[in-house]
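Remarks on the structure that follows.
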Amino acid sequence: MPELPEVEIIKRSLFRMINKEKIIDVRISNKKLRYKLHSSFIKDLIGEKILNISRRSKYIIFYFKNKFLLIHLGMTGKFFIKRIKDNKLTKTSFYYNLNFIRKHNHVHFLLNNGLMLIYNDVRRFGFMKLYKNSELKTNSFIKKLGVEPLSNNLNINYFRQFTIKKKRNIKNTLMDQTFISGLGNIYVNEILFMTKIHPLTKCSNLKNSDISKLIFSIKKILNFSILKGGSSIKDFENISGKKGSFQQFFAVYNKENSNCSRISCTGKIKKIIISNRSSFYCGKCQK
DNA sequence: TTCTTTGTTCCGGA
DNA sequence: GTCCGGAACAAAGA
């Protein structure tokens with residue numbers, strides 16, 4: 001499940017390997033992703049040069065001269081890059097190499113540096129959509145996103161303002177993409193453990209010191225995970241097929257009945273369901 | 001067969 | 001009207 005750190009790792013690899021390359025050909029094995037690929041998807045991309053690649057929340061954006069490609073990996077979306085073995089960058093060699101491809105590869109991009117970018121998605125909850133550049137600021141997906149958690153826009157004033165009158169619990173609030181964009185279930189569980197805040201705590205009951213701790217933990221945990229190459233639970237791999245290692249550092253996620261990892265605490269990790277999502281917390285030190 | 005997973009949307013209750 | 005949480009949905013594998 002790619003969350004923000006995983007998407008950041010993928011974006012950095014893509015930038016390093018294919019930024020400034022031109023798309024020579026596109027082949028679609030299955031156009032039915034979360035949204036069906038537009039019938040002109042191939043035609044619209046052939047000949048376009050990738051001018052930049054960026055990340056916003058859990059979206060990856062490819063920029064072209066007059067358009068941009070918005071990508072969300074959903075639950076199981078991932079990218080692979082394969083080097084085309086022979087040096088003939090013809091459509092024939094492109095298709096020939098497709099024979100090596102594994103199940104659930106849906107979209108293939110042949111680039112003029114001899115690399116093939118492959119989008120693979122088992123569950124097909126991810127999507128790709130092309131838009132004109134004039135839509136960059138008005139795009140319906142981008143427009144509703146809250147602040148980037150690693151930016152200075154996430155600060156005490158913003159946090160306090162958004163939560164001060166909220167009766168909803170802090171777990172759901174942190175998962176709300178219109179508040180902070182890019183926090184998913186795994187990281188929110190870890191963030192709440194680090195701050196010793198119970199997931200069902202009402203936002204309006206948070207003290208200023210709690211808010212400071214939350215902001216600190218959000219940045220700390222995301223940055224640390226990026227440093228470790230993201231978390232590989234289920235089947236996350238970066239585009240070279242390498243696994244991240246942040247999952248080794250999970251304190252609570254999927255740790256039901258484990259002892260609390262705080263040396264001074266004798267509590268056990270509990271599991272409850274909040275809004276249909278598994279939540280893990282220490283029954284003793286998260287009040 | 002049923003359960004699990006995430007992000008989003010829809011709906012009903014407060 | 002607004003806020004909030006629960007249910008449903010997408011697809012595939014265990």
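Residue numbers begin at 1 in each chain, while the letters A, B, ... track the order of the sequences. Quick note: numbers below take in every heavy atom, side chains included, and nothing from hydrogens, waters or symmetry partners.
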Rounded to whole Å, how long is the line connecting atom [atom1] of [X] with atom [atom2] of [N]?
X         : N       : atom1 : atom2 : value
Tyr187(A) : dT6(B)  : OH    : P     : 12 Å
Leu73(A)  : dA11(C) : CG    : P     : 18 Å
Arg168(A) : dC3(C)  : CZ    : P     : 10 Å
Glu6(A)   : dT5(B)  : CD    : P     : 16 Å

Which listed nucleotide ([options]) is nearest to the side chain of [X]?
X         : options                  : answer
Arg34(A)  : dT6(B), dT8(B), dG13(C)  : dT8(B)
Tyr253(A) : dC4(C), dT6(B), dA11(C)  : dT6(B)
Asn172(A) : dT8(B), dA10(C), dG5(C)  : dG5(C)
Phe125(A) : dA10(C), dA12(C), dG5(C) : dA10(C)
Ser278(A) : dT6(B), dG5(C), dT5(B)   : dT5(B)

Gap separating the CG atom of Leu130(A) from the CZ atom of Phe64(A), nearest 0.5 angstrom: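 Reported to 0.5 Å precision, the distance equals 6.5 Å.
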Flag the pair Leu150(A) / Ile226(A) as yes when at least one side-chain heavy-atom distance between them is below 4.5 Å, and no otherwise.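 Leu150(A) reaches Ile226(A) side chain to side chain.
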Asn276(A) or Lys167(A): which one's nearest nucleotide on DNA chain C is closer to the 5' end?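 Final value for this comparison: Lys167(A).
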Given that Arg277(A) and Lys165(A) both sit by DNA chain C, which one's nearest nucleotide is further toward the 5' end? Lys165(A)
Kindly say if [X] contacts the phosphate of [N], meaning a side-chain N or O under 4.0 Å from OP1 or OP2.
X         : N       : answer
Lys202(A) : dC4(C)  : no
Lys144(A) : dT9(B)  : yes
His104(A) : dG13(C) : yes
Ser275(A) : dG5(C)  : no
Arg123(A) : dT5(B)  : no

SB check Arg168(A) Asp176(A) (cutoff 4.0 Å): yes
Inspect the contact between Arg56(A) and Glu148(A) and indicate whether a charged nitrogen and a carboxylate oxygen are less than 4.0 angstrom apart.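 Judged by the 4.0 Å cut-off on N to carboxylate O distance, Glu148(A) and Arg56(A) do form a salt bridge.
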If you look at every strand shown and take non-hydrogen atoms under 4.0 Å, does Asn185(A) touch a base, only sugar-phosphate, or nothing?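 Touches sugar-phosphate only.
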May I ask you to say what Tyr59(A) touches in the nucleic acid, namely base, sugar-phosphate or nothing, with a heavy-atom cut-off under 4.0 Å? sugar-phosphate
With Lys129(A) as the cation and Tyr35(A) as the aromatic partner, state whether NZ or CZ is under 6.0 Å from the six-membered ring centre and within 45° of the axis.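 Yes; both conditions hold, so Lys129(A) lies above the ring face of Tyr35(A).
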